[in-house]
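In what follows, a single structure is set out as structure tokens and then discussed.
So you know, we letter chains A, B, ... as the sequences are listed, proteins then strands, and number each from 1. Just so we're clear, the structure is a prediction, and the values are computed from it rather than from any experiment.
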2 protein chains.
Amino acid sequence: MSIQARRERERAERERAIVAAARDLAESEGWDAVTTRRLAAEIEYSQPVLYSHFKGKGAIMAAVAVEGCGELAAELAAARAAATDPRQAVAGIARAYVAFAERRPALYDAIFNLPVDLSFASKDAPVELARAFAELAETLRPVAGGDDLETFTETFWSGLHGLVTLMRNGRLRHTDHERRLAILVDRFTR
Amino acid sequence: MSIQARRERERAERERAIVAAARDLAESEGWDAVTTRRLAAEIEYSQPVLYSHFKGKGAIMAAVAVEGCGELAAELAAARAAATDPRQAVAGIARAYVAFAERRPALYDAIFNLPVDLSFASKDAPVELARAFAELAETLRPVAGGDDLETFTETFWSGLHGLVTLMRNGRLRHTDHERRLAILVDRFTR
DNA sequence: CTCGCCAGTCTAGCACCGCTAGCCAATCTG
DNA sequence: CAGATTGGCTAGCGGTGCTAGACTGGCGAG
């Protein structure tokens, strides 16, 4: 019994190592550098071992994405907690969101931009994402007006996501970023 | 002299064929199906011929993206021309934008989502994109208020882009799409 | 008219990708 | 202790973007 327990522990540990390696590699060299061979070398096992833990590369990326979701949720929560005035809270959480995307671009890509084995809108979406969404929704509640809170939150979220993605891949001038963010917040809080 | 002229004509024709093949393939089977081998087979030449026209696959995709920009600009212009009331114009152009992204997802991806050899924010950005941007800007002018028009337009554009991308890769529920769009337009026109 | 050159195209192949079949050793079971 | 099972490995499949080097057909020079 105890041997089996040790085995399972080691196995879980190795699974964590895979996800951590994928994340570290992605954050330091970008997702292009994350290949199954490279990952296998990193954890000092052979390639097929990866497939005994995950269905494929997409599933590994999905695991990283879920981890990232958790951190995003935590940072949004912190931003919300730090605010006093409702309007300030919206501005603060928006800044926190954008800051996360800029500080952890690889993580952000895994969550939102890359083709990953995750169905977000369905029931098996990660609870971490729901938490992040809830933080945003609670912050927006005072300014939603007559609009349905969930739909309103999705729309604001889209605005943030659009700003982040368009700017990061060079579709928007990097200057004026702050002003764009201010406009978005302003239009959604008045 | 005339022989050379014919050669150049044939060469230009073949270049057009490459871009058209890439676009058709992408629109009918998705960008994953667009490989250099497949493309070569489609134009009935060997693979290396592609590289005598374009620096690489990314450059071919960029050419498709520029073509798509032109069509997007045209559709936005049509939407703007059809409107009477300023508020209606914003709603109309927003609907046209989203409709374009839904009807031509491959084209939209080439323009905005895929890693492509195009620097948008710099001076060698395609004029087609500038045209599309200008249509949006002119439509928004009456509702920009005190905000800088260009920055304001970028922000609204980001909102549209966020809605489109998040919905298309399953990050938003497909229902309520109309309502989200309405909220965005409403918040930017009042 | 012939010969050498050169542009243009092709075949073949490089290094890499995600993924898997099948072998082999270590471990558990009767 | 013999046999079954588990779990990792090596090797390889079919694909990718891209390129070196061979070949060929039409050109200009002698």
Side-chain angles (χ1 to χ4, degrees), chain A residues 1-19 21-23 25-26 29-65 106 109-110 113-118, chain B residues 1-19 21-23 25-26 29-65 106 109-110 113-118:
Chain A
M1 199 53 182
S2 167
I3 287 179
Q4 190 128 357
R6 192 207 67 218
R7 286 253 170 96
E8 281 181 24
R9 219 182 320 125
E10 286 173 350
R11 188 176 161 78
E13 169 57 30
R14 198 172 54 181
E15 189 155 319
R16 276 193 38 246
I18 293 172
V19 177
R23 176 185 169 152
L25 209 45
E29 302 184 38
W31 279 107
D32 281 353
V34 182
T35 72
T36 56
R37 279 167 237 271
R38 190 85 186 268
L39 232 39
E42 211 72 38
I43 63 167
E44 298 178 312
Y45 279 89
S46 71
Q47 240 180 321
V49 166
L50 301 175
Y51 294 87
S52 74
H53 286 272
F54 298 94
K55 198 185 153 221
K57 189 187 174 182
I60 298 177
M61 292 165 71
V64 174
D109 277 340
N113 286 330
L114 295 175
V116 134
D117 298 353
L118 262 184
Chain B
M1 199 52 179
S2 167
I3 287 179
Q4 190 129 358
R6 192 208 66 216
R7 287 254 170 95
E8 282 182 23
R9 220 182 320 124
E10 287 175 349
R11 190 178 161 75
E13 168 58 30
R14 198 172 52 180
E15 188 154 320
R16 275 194 37 247
I18 293 171
V19 177
R23 177 186 167 149
L25 210 45
E29 302 184 38
W31 279 107
D32 281 353
V34 182
T35 72
T36 56
R37 279 167 237 273
R38 188 88 186 266
L39 231 39
E42 211 73 39
I43 62 168
E44 298 178 312
Y45 279 89
S46 71
Q47 242 180 321
V49 166
L50 300 175
Y51 294 87
S52 74
H53 287 271
F54 298 94
K55 197 184 154 225
K57 189 187 174 181
I60 299 176
M61 292 165 72
V64 174
D109 276 341
N113 286 331
L114 294 175
V116 134
D117 297 353
L118 262 186

> What is the distance, rounded to the nearest whole Å, between atom CG of A:Leu50 and atom P of C:dT20?
Replying inline: 12 Å
> Tell me: CD of A:Glu8 to P of D:dT6, nearest whole Å?
Replying inline: 14 Å
> Can you find a donor-acceptor N/O pair under 3.5 angstrom joining the side chain of B:Gln47 to the base of D:dC18?
Replying inline: yes
> What parts of residues 11-18 of chain B reach DNA chain D, counting only heavy atoms under 4.0 Å away?
Replying inline: none
>> I need the CG-C1' distance between A:Leu39 and C:dC16, as an integer number of Å.
In response: 16 Å
>> Expressed as a whole number of angstroms, how long is the span from A:Tyr51:OH to D:dC13:P?
In response: 17 Å
> Any Lys/Arg nitrogen of A:Arg16 or A:Glu13 sitting under 4.0 Å from an Asp/Glu carboxylate oxygen of the other?
Replying inline: yes
>> Whether B:Thr35 contacts D:dT16 is assessed here as follows: a side-chain N or O lying under 4.0 Å from the phosphate OP1 or OP2. Is that the case?
In response: yes
>> Could you tell me how far apart B:Lys55 (NZ) and D:dT19 (C1') are, to the nearest whole angstrom?
In response: 14 Å
Mind listing the side-chain donor-acceptor pairs of residues 51-59 of chain B below 3.5 Å, one per line with the distance, residues two or more places apart or on another chain?
from    : atom 1 : to      : atom 2 : distance (Å)
B:Ser52 : OG     : B:Val49 : O      : 2.7
B:His53 : ND1    : B:Glu15 : OE1    : 2.9
B:His53 : NE2    : B:Arg14 : NE     : 3.0
B:His53 : NE2    : B:Arg14 : NH2    : 3.0
B:Lys57 : NZ     : B:Val34 : O      : 2.8

> Starting at OH of A:Tyr45 and ending at P of C:dC19, how long is that distance when rounded to a whole Å?
Replying inline: 21 Å
>> Determine whether A:Trp31 and A:Val64 satisfy the following criterion, side-chain contact (heavy atoms from CB on, under 4.5 Å), listing intermediate values before the conclusion.
In response: CA-CA 11 Å; A:Trp31 279 107; A:Val64 174; 4.0 Å; yes
>> Show the nearest heavy-atom pair for residues B:Leu50 and B:Ala40, with the distance to one decimal.
In response: CD1-N, 4.3 Å
> What distance separates A:Ile18 CD1 from A:Glu42 CD, expressed to the nearest 0.5 Å?
Replying inline: 12.0 Å
> For C:dG18, does OP1 or OP2 lie under 4.0 Å from any side-chain N or O of A:Thr36?
Replying inline: yes
> Where is the tightest heavy-atom contact between B:Ala21 and B:Ile43, given as atom of each residue plus distance?
Replying inline: CB-CG2, 4.2 Å
>> Can you work out whether A:Ala33 or A:Pro48 has the more 5'-proximal nearest nucleotide on DNA chain C?
In response: A:Ala33
>> Using every non-hydrogen atom in the two residues, find where A:Ala65 and A:Ala110 come nearest and quote the distance to one decimal.
In response: CB-O, 3.6 Å
>> Can you measure A:His53 atom NE2 to D:dG7 atom P for me and round it to whole angstrom units?
In response: 10 Å
> Atom CD of B:Glu10 to atom P of C:dG8: distance rounded to whole Å?
Replying inline: 12 Å
> Should B:Arg37 be listed as having a side-chain N or O under 4.0 Å from OP1 or OP2 of D:dG17?
Replying inline: no
